[in-house]
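Only one structure is covered here, and it is reproduced in the block below.
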Amino acid sequence: MKKSDIINFGAGPAALPESVLSEAAAAVLNYRDTGLSILEIPHRGPLFAELLAESKSLVLQLAGLSAEEYEVLWLQGGGRMQFAMIPMNFLAAGATAGYIDSGYWAYDAMEHARLFGNVDILASSREIGYTVFPELHRPIPDTLSYVHLTTNNTIYGTQLQDIPDCPVPLFADMSSDIFSQKREYRKFDLFYAVAQKNLGAAGNTLVVLRKNLLDKVVRRSASILDYSMQVKSGSVLNTPPVFAIYISLLTLRWIKAKGIDTIEQETLAKAQLLYGEVERNTLLEPVADTADRSRMNVVFRMKDTALEKELSAHCLANGIEGIEGHRSVGGFRVSLYNAISLAQVQKLVDTLQEFEKKKTKK
Ligand code: PMP
């Protein structure tokens, strides 16, 4: 089986651009003609310092932020560690943080906050199965320590449409839609994204935070969990995942070369093509509310759920992987991250149509 025979629509670890994979593979054997593998270079030497600095500068460029105002960190521990670090650093015992409960990960982030302080649920769509992005029906109190939201709900396929005006620091989990569209990143005081969707490989998490936030850290934590200590050490407090950061750097270079405008247009075209088919296909139905649906994760189910296994097998036989829904919701979920091309989505659409023909033939 060749790599190009398979299209990976998985939600993460997800498809990476081919050029990123081949450059990463070459660097494993010999990094920039140094005679060293990227896996062997020291994390406190000049080779790593250079690639780390470039990766941070690319993040700021792509987000339209300045190095005077914002810090960029690459941390380990994934999304869950950010769920914990945020309240550990910014929610004092007895204080309250606002959470927008828009899905499984948003809820999990909120549950982590309860370990450290109080939570005000500003909006929730939990009772209706997270099929919409919940709307705020009251002003955000200015007494909150911060507000946390999730810009894209990977499991339910809903996405934030408008960034709320927030009188307190605004934090966001952007794991599944970072750098897929133009966004006003400066409206956020802290945002983070696991790398294994739009930014590289698992093991690496991007955190961008406004420098003046560090004055608001409310408790001492173990250094590895303390944003101030991480900033002070410039992401090399401990041995960082050098290879994973390198893959993120390659991915960021690829994003920059393509340009966020082009990526946004492609993202829209891919999402329109697939939602169009899900709506047209007589065997399928979309799950998320039309106004809030995600351009990154297209979630749908079959009208006759008994056909789901057969559709999965049909797709697999056509080289299409990773379209099963999250274990908690079932159905299907197709992830259209940046590395997925319009032609690949067309191939999926053709395959869905073929299956429909097969099933509806008299
Ligand atoms: N946030 C979002 C939006 C996610 O989709 C996920 C799942 N990859 C996570 C957080 C959790 O990330 P991790 O598995 O790295 O903890």
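Computed from a prediction, not measured in an experiment: that's the story for all the values here. Below, each value reflects all heavy atoms present in this structure, side chains not excepted, and no hydrogens, waters or symmetry copies.
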ask   = If you measure only the distance, is there a donor-acceptor pair under 3.5 Å linking the side chains of Asp101 and Ser124?
value = yes
ask   = Taking all non-hydrogen atoms of both residues, which atom of Ala106 and which atom of Thr150 are closest, and how far apart?
value = CB-OG1, 3.3 Å
ask   = Can you find a pair of side-chain heavy atoms, one from Met174 and one from Tyr192, that are under 4.5 Å apart?
value = no
task = Without swapping roles, check the side chain of Lys256 against the backbone of Leu58 for a donor-acceptor pair under 3.5 Å.
result = no
inquiry  = If you apply the rule ring-ring contact (aromatic ring centres under 6.0 Å, His included), what do you find for Phe9 with Tyr337, and how did you get there?
reply    = CA-CA 8 Å; Phe9 287 109; Tyr337 300 131; over 10 Å; no
ask   = Sub-3.5 Å donor-acceptor pair from the side chain of Asn318 to the main-chain atoms of Ile320, do we have one?
value = no
message = Any side-chain to backbone donor/acceptor pair from Arg80 onto His112? Under 3.5 Å, distance only.
response = no
key: Side chain Thr34, main chain Asn30, donor-acceptor under 3.5 Å   = no
task = Could you tell me whether Tyr275 and Phe300 have their ring centroids closer than 6.0 angstrom?
result = no
message = Can you classify the ring geometry of Phe188 versus Phe191 as parallel (below 30°), tilted (30 to 60°) or perpendicular (above 60°)?
response = perpendicular
query = So if you build clusters from Ile, Leu, Val, Met, Phe, Trp, Tyr with side-chain heavy-atom gaps below 4.5 Å, do Leu209 and Ile224 land together?
reply = yes
key: Closest non-hydrogen atom pair, Pro286 against Val278   = N-CG1, 3.6 Å
ask   = Please walk me through it: do Asp177 and Asn198 pass side-chain hydrogen bond (donor to acceptor under 3.5 Å, both in side chains)?
value = CA-CA 7 Å; Asp177 69 355; Asn198 262 340; over 6 Å; no
query = According to a 4.5 Å side-chain heavy-atom criterion applied to Ile, Leu, Val, Met, Phe, Trp and Tyr, with indirect links allowed, do Leu149 and Ile155 form part of one hydrophobic cluster?
reply = no
ask   = Would Phe48 and His43 count as a close aromatic pair, with their ring centres under 6.0 Å?
value = no
Under 3.5 Å: donor-acceptor pair, side chain of Lys270, backbone of Gln346 = no
ask   = Do Asn204 and Gln76 have side-chain heavy atoms sitting under 4.5 Å apart?
value = no
query = Between Ala339 and Ala15, what is the shortest heavy-atom contact and its length?
reply = CB-O, 3.4 Å
task = Kindly work out whether a path of hydrophobic side-chain contacts (I/L/V/M/F/W/Y, heavy atoms less than 4.5 Å apart) joins Val28 to Ile245.
result = yes
query = Any idea which heavy atoms bring Ile260 and Lys182 closest together, and the distance?
reply = CG2-N, 3.7 Å
task = Please determine, by modelled atom types, if Gln265 and Asp261 share a side-chain donor-acceptor pair under 3.5 angstrom.
result = no
request  = Classify the side-chain pair Ser176/Asn152 by whether it contains a donor and acceptor separated by less than 3.5 Å.
outcome  = yes
ask   = Quick one: are Lys303 and Leu284 in side-chain contact, heavy atoms under 4.5 Å?
value = no
inquiry  = For Asp173, is there any backbone N or O sitting under 3.5 Å from a side-chain donor or acceptor partner on Thr151?
reply    = yes
request  = To the nearest 0.5 angstrom, please state how far the CD1 atom of Ile340 sits from the CD atom of Glu266.
outcome  = 11.5 Å
request  = Would you sort out whether Asp226 and Gln230 count as a side-chain hydrogen bond (donor to acceptor under 3.5 Å, both in side chains), showing the intermediate values?
outcome  = CA-CA 6 Å; Asp226 183 324; Gln230 288 284 5; over 6 Å; no
request  = Take Ile100 and Ile121 through the side-chain contact (heavy atoms from CB on, under 4.5 Å) test and state the conclusion after the steps.
outcome  = CA-CA 6 Å; Ile100 298 183; Ile121 304 176; over 6 Å; no
inquiry  = Using the rule given for side-chain hydrogen bond (donor to acceptor under 3.5 Å, both in side chains), can you reason through Trp74 versus Ser55, listing the C-alpha separation, both sets of side-chain angles and the distance that settles it, and then say yes or no?
reply    = CA-CA 9 Å; Trp74 293 113; Ser55 71; 2.9 Å; yes
task = Would you check if the side chain of Arg183 reaches a backbone N or O of Ile178 as a donor-acceptor pair within less than 3.5 Å?
result = no
salt_bridge(Asp165, Lys187) N-O dist < 4.0 Å = yes
query = Side chains of Thr158 and Asn153: is there a donor and an acceptor less than 3.5 Å apart?
reply = yes
ask   = Going by distance alone, is a donor N or O of one side chain under 3.5 Å from an acceptor N or O of the other, for Gln181 and Gln159?
value = yes
message = Keeping Ser125 on the side-chain end and Phe133 on the backbone end, is there a donor-acceptor pair under 3.5 Å?
response = no
ask   = Is atom CD of Glu310 surrounded by more than 12 heavy atoms (other residues, nucleotides or ligands) closer than 6.0 Å?
value = yes
ask   = Just how far is it from atom CD of Glu135 to atom NE2 of His137, taken to the nearest 0.5 Å?
value = 5.0 Å
inquiry  = Quick check on Arg44: does its CZ atom have over 12 non-hydrogen neighbours (other residues, nucleotides or ligands) under 6.0 Å away?
reply    = yes
Close aromatic pair by centroid cut-off 6.0 Å: Phe355 and His314 = yes
request  = In sequence, state the C-alpha distance, the side-chain angles, and the governing distance for Tyr156 and Asn297, and then conclude on side-chain hydrogen bond (donor to acceptor under 3.5 Å, both in side chains).
outcome  = CA-CA 8 Å; Tyr156 303 92; Asn297 309 98; over 6 Å; no
ask   = Does Lys211 reach the main-chain N or O of Glu69 with its side chain, forming a donor-acceptor pair under 3.5 Å?
value = no
inquiry  = More than 12 heavy atoms of other residues, nucleotides or ligands under 6.0 Å from NZ of Lys357: yes or no?
reply    = no
pair Tyr146-Leu170: side-chain heavy atoms closer than 4.5 Å = no
key: Minimum-distance pair of heavy atoms, taken over all atoms of Ile140 and Leu136   = CD1-CD1, 4.1 Å
note = When every non-hydrogen atom of Pro240 is compared with those of Ser235, the smallest separation belongs to CB-O, 3.8 Å
query = Transitively linked via ILVMFWY side-chain contacts under 4.5 Å: Leu316 with Ile7?
reply = no
query = Ion pair present between Glu356 and Lys361, side-chain N to carboxylate O less than 4.0 angstrom?
reply = no
Hydrophobic cluster membership, Phe83 vs Phe116, 4.5 Å side-chain cutoff = yes
inquiry  = Taking the ring centre of each residue, are Phe171 and Phe90 less than 6.0 Å apart?
reply    = yes
query = Is the backbone of Ile128 close enough, under 3.5 Å, to the side chain of Thr131 for a donor and an acceptor to pair up by distance?
reply = yes
request  = Indicate, with yes or no, if the rings of Tyr185 and Phe179 have centres closer together than 6.0 Å.
outcome  = yes
